[in-house]
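Just so you know, ligand 1 is whichever comes first in the structure, and atom 1 is the first atom listed for that ligand. Any value given below was found using the heavy atoms of this structure, including those in side chains, with hydrogens, waters and symmetry copies removed. Source: prediction; values computed, not measured.
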Amino acid sequence: MKFLKLLLLLFIVQTQAQQGGMWIPSLLKGMNETEMKNLGMKISAEDIYSVNKSSLKDAVPQFDGGCTAEVISPKGLILTNHHCGYDNIQSHSTVENDYLTNGFWAYKMEDELMNKDLEVTFIVSINDVTSQVLDGVTSIMSEVEKQKKIQENISKTNASFKKEAWQENRIRTFFEGNQYILFIIESYKDVRLVGAPPSSIGKFGSDTDNWVWPRHTGDFSLFRIYADKNNRPAAYSKENVPYTPKHFLPISLDGIQENDFTMVLGFPGRTQEYLPSFAVAQIQNELNPAKIEVRDAALKVQDGFMRKDNAIKIQYASKYAGVANYWKKWIGETMGLKKSNAIAKKQKEELAFQQNVIKAGKQVEYGNLLSDFQKNYIDIKEYAIARDYFTEVFLRNTELLSTAYKVYQLEQVFNTKGEQAFNDRKNNLLASLKDFYKDFNPTVDEKVFEKLIQIYATKSPKQFLPNNLTAINSATLASDIYKNSKLVNYEALTKLFSGDSKTILANLNQDVGYIFVKEIADKYMKEVLPKFDEINLKNIALQRSYMKAQLELNKNARIFPDANSTLRITYGKVKGYEPKDATIYNCTTYLDGVMEKYVPGDYEFDVPKKLIDLYNTKDYGQYAENGKMPVCFIGTNHTTGGNSGSPAIDAYGNLIGLNFDRVWEGTMSDINYDPSICRNIMVDARYVLFIIDKFAGAKNIIEELKLVHPKKKSKKRKSINN
Ligand code: ARG
Ligand code: GLU
């Protein structure tokens with residue numbers, strides 16, 4: 001009997017331990033720490049986050065606003081993804097020195113390249129300021145009054161919370177407005193490029209393999225943080241010195257095995273784990289299909305041109321990848337929501353929630369939450385669909401239309417703020433559009449316009465469209481606009497923008513392209529957006545109460561706050577998965593798989609000759625595993641966009657890999673994490689080292705690192721103890 005109980009307990013701990021979650025590093029003591037230790041972690045919560053000593057969090061900065069990096073040497077060397085460093089690598093590339101194609105390696109520090117506007121941000125401390133921020137906020141206030149008071153309190157708290165002169169305070173909300181946390185941060189602004197593999201390694205598999213397992217991408221690049229003589233943040237200067245970190249990650253050479261403990265520290269951007277079933281149904285059945293349909297059409301047109309014309313391929317490669325990334329993610333997410341029965345699961349939870357509300361006698365406070373949600377999601381539906389079509393067609397995927405929309409906003413600035421503001425905005429716009437037009441191809445965009453306007457005219461809710469739009473011939477319209485609008489090239493646009501504001505606006509309002517966008521945008525701004533915002537604000541308030549209720553009614557549940565671009569930790573195990581019947585995926589890939597995918601000369605699957613030679617001679621040095629070269633692995637860590645570049649850390653606190661993606665079947669983890677098919681994808685640290693050492697011959701970099709053997713050491717320790 002006792003044994004059975006123990007078994008049951010073990011089973012509960014085991015299954016519970018795989019439920020996902022992105023936790024706040026300063027709040028791990030208790031349930032999380034126990035769970036992590038049960039999963040195999042050998043270090044303590046205090047080793048991950050401490051206010052008194054250096055800890056893991058001191059080695060993990062946010063990189064360039066949207067990615068994560070980790071410090072891996074005592075001289076401020078950091079590692080992040082190739083796709084995170086991409087823009088910076090690109091900005092140093094020329095036809096003669098094409099670092100994207102050929103890679104870049106600084107064999108001495110003097111050769112490292114400075115980057116404009118690149119910064120990394122460390123978290124100094126994490127402080128709960130909920131009571132200060134909610135001070136004086138009462139339940140009888142309207143939502144608008146509440147938000148105003150909260151903003152005032154945030155400014156006050158930010159200004160008064162004690163920090164050093166070179167640091168900043170930043171307050172973020174957690175649990176949809178139920179908790180507020182202040183982060184003291186330090187941003188380093190002199191960050192130089194140290195190394196990047198060629199795209200045929202760093203971007204191997206490109207869009208075809210994006211979001212897909214098995215994966216074989218060496219998605220990494222290296223940078224170095226520089227500081228002033230006092231080790232503090234400073235703008236770029238020759239006098240700056242390599243930053244001395246409070247902590248850096250040793251790198252394990254012992255590799256990983258299925259079921260090994262792993263954790264990932266980083267800055268996940270946004271998740272929506274606590275939506276009601278009505279919202280999930282809307283995403284799955286209405287919004288994702290609409291967005292996918294628009295991008296599908298845009299991508300097909302671009303792909304057709306890119307395949308026929310190399311110049312267009314270069315112009316559109318990066319834009320295409322950007323649009324394709326979330327297109328592919330939404331397709332995976334929609335399938336995953338269905339496969340994991342997310343709506344039914346939410347409905348079941350909602351039933352239990354209702355019963356709990358009654359049990360706790362909280363009907364007055366929470367009894368109507370779900371029916372209010374239901375009503376709002378019915379009310380918002382048409383507006384939400386119209387908003388997504390407008391966003392995807394006008395703002396995101398037809399370049400002429402998004403340019404015209406920016407000009408439309410400029411006219412609004414004139415109407416609301418006057419001449420001076422108009423001129424400032426106009427100059428900024430002209431400067432930013434100059435770069436845009438370099439990679440703009442009107443022939444491609446005209447075809448995109450034709451397809452997308454057709455979708456907009458027929459699929460977006462009719463009541464919000466100008467009457468004449470529904471009857472258009474999109475091909476005729478497209479050819480008229482692209483022939484006659486001044487917005488199709490930079491010279492014509494700058495001419496249109498000369499003279500005083502009155503002249504400019506008068507001329508603009510004669511332009512076919514501009515007139516077309518203005519009519520639709522006006523309708524959208526008057527009839528869709530305000531109503532959407534109004535209902536959405538109600539949903540935000542409801543979501544806050546719903547969260548509050550769940551926290552109150554399920555005191556012992558594992559509830560983590562949705563991602564909000566703040567530092568989080570997620571943990572799990574190295575693990576394969578079975579996405580469908582008779583399909584079983586292993587958890588690790590090897591260089592053999594790179595060679596299996598190799599297509600000579602292909603833009604996605606070419607392999608550099610040097611790497612083929614290393615493969616043929618099996619020259620893997622100390623990085624091999626039983627004669628094979630590991631490349632990527634997957635685990636049950638709960639990650640999302642923003643976790644790119646995040647360190648994968650072993651049970652002892654050493655680096656074992658670098659997070660860069662998720663598996664396609666599991667991309668619904670942003671809404672419904674399902675431990676059976678959600679996996680994050682990491683590049684193995686040994687592959688990174690092998691590329692730096694054997695492929696690039698950058699011994700200078702290897703010498704800076706601390707390479708360790710934690711597993712061998714722990715075995716030895718055990719045999720001494722026994
Ligand atoms: N899917 C990954 C992420 O969301 C990688 C994107 C970059 N790679 C690409 N092939 N577009 O950012
Ligand atoms: N590639 C993503 C990023 O850039 C990470 C993948 C994900 O969404 O999990 O952050």
> In this structure, which one of Asp661, Asp207, Asn210 forms a side-chain hydrogen bond (donor to acceptor under 3.5 Å, both in side chains) with Asn325?
Replying inline: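 One option only clears the test, and that one is Asn210.
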> Do Lys291 and Glu392 sit within salt-bridge range, that is, some charged N less than 4.0 Å from a carboxylate O?
Replying inline: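 No, Lys291 and Glu392 are not salt-bridged.
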>> Between Lys300 and Asp303 (salt bridge meaning N to carboxylate O under 4.0 Å), is one present in this structure?
In response: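 Judged by the 4.0 Å cut-off on N to carboxylate O distance, Lys300 and Asp303 do not form a salt bridge.
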Inspect the surroundings of [atom1] in [X] and state if more than 12 heavy atoms from other residues, nucleotides or ligands are less than 6.0 Å away.
X      : atom1 : answer
Lys346 : NZ    : yes
Asp117 : CG    : no
Lys329 : NZ    : yes
Asn586 : CG    : no

If you have a sec, work out which protein heavy atom is nearest [atom] and how many Å separate them, to one decimal?
atom                   : answer
atom 6 (C) of ligand 2 : Asp661 CA, 3.5 Å
atom 7 (C) of ligand 1 : His83 CG, 3.8 Å
atom 9 (O) of ligand 2 : Arg662 NE, 2.6 Å
atom 3 (C) of ligand 1 : Asn325 ND2, 3.7 Å
atom 1 (N) of ligand 1 : Asn210 OD1, 2.7 Å
atom 2 (C) of ligand 1 : Asp661 OD1, 3.3 Å

Test of proximity, [X] against ligand 2: N or O pairs below 3.5 Å:
X      : answer
Cys67  : no
Ser644 : yes
Trp211 : no
Tyr326 : no

> Evaluating non-hydrogen atoms only, which member of Gly666, Gly269, Gly642 is closest to atom 10 (O) of ligand 2?
Replying inline: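 When every heavy atom of Gly666, Gly269, Gly642 is considered, Gly642 comes closest to atom 10 (O) of ligand 2.
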> Any side-chain heavy atom of Phe633 sitting closer than 4.5 Å to one from Thr589?
Replying inline: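 The answer is no; the side chains never approach within 4.5 Å.
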> Heavy atom under 4.0 Å from ligand 1: found in Ser206's side chain, backbone, both, or neither?
Replying inline: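 The answer is the backbone of Ser206.
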> Mind checking what makes ring-ring contact (aromatic ring centres under 6.0 Å, His included) contact with Phe104, not counting sequence neighbours?
Replying inline: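 Partners of Phe104 under the ring-ring contact (aromatic ring centres under 6.0 Å, His included) test: Tyr99.
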> Heavy atom under 4.0 Å from ligand 2: found in Lys329's side chain, backbone, both, or neither?
Replying inline: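 For Lys329, there is no contact with ligand 2 at all, from either part.
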> Between Asn643 and ligand 2, which part of the residue brings a heavy atom under 4.0 Å of the ligand: side chain, backbone, both or neither?
Replying inline: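 Backbone only.
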> Under the side-chain hydrogen bond (donor to acceptor under 3.5 Å, both in side chains) test, which residues partner Lys308, sequence neighbours left out?
Replying inline: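 With neighbours one apart ignored, the set is empty.
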> Is the shortest distance from a heavy atom of Gly641 to ligand 1 less than 4.0 Å?
Replying inline: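 Gly641 does not count as a contact of ligand 1 under the 4.0 Å cut-off.
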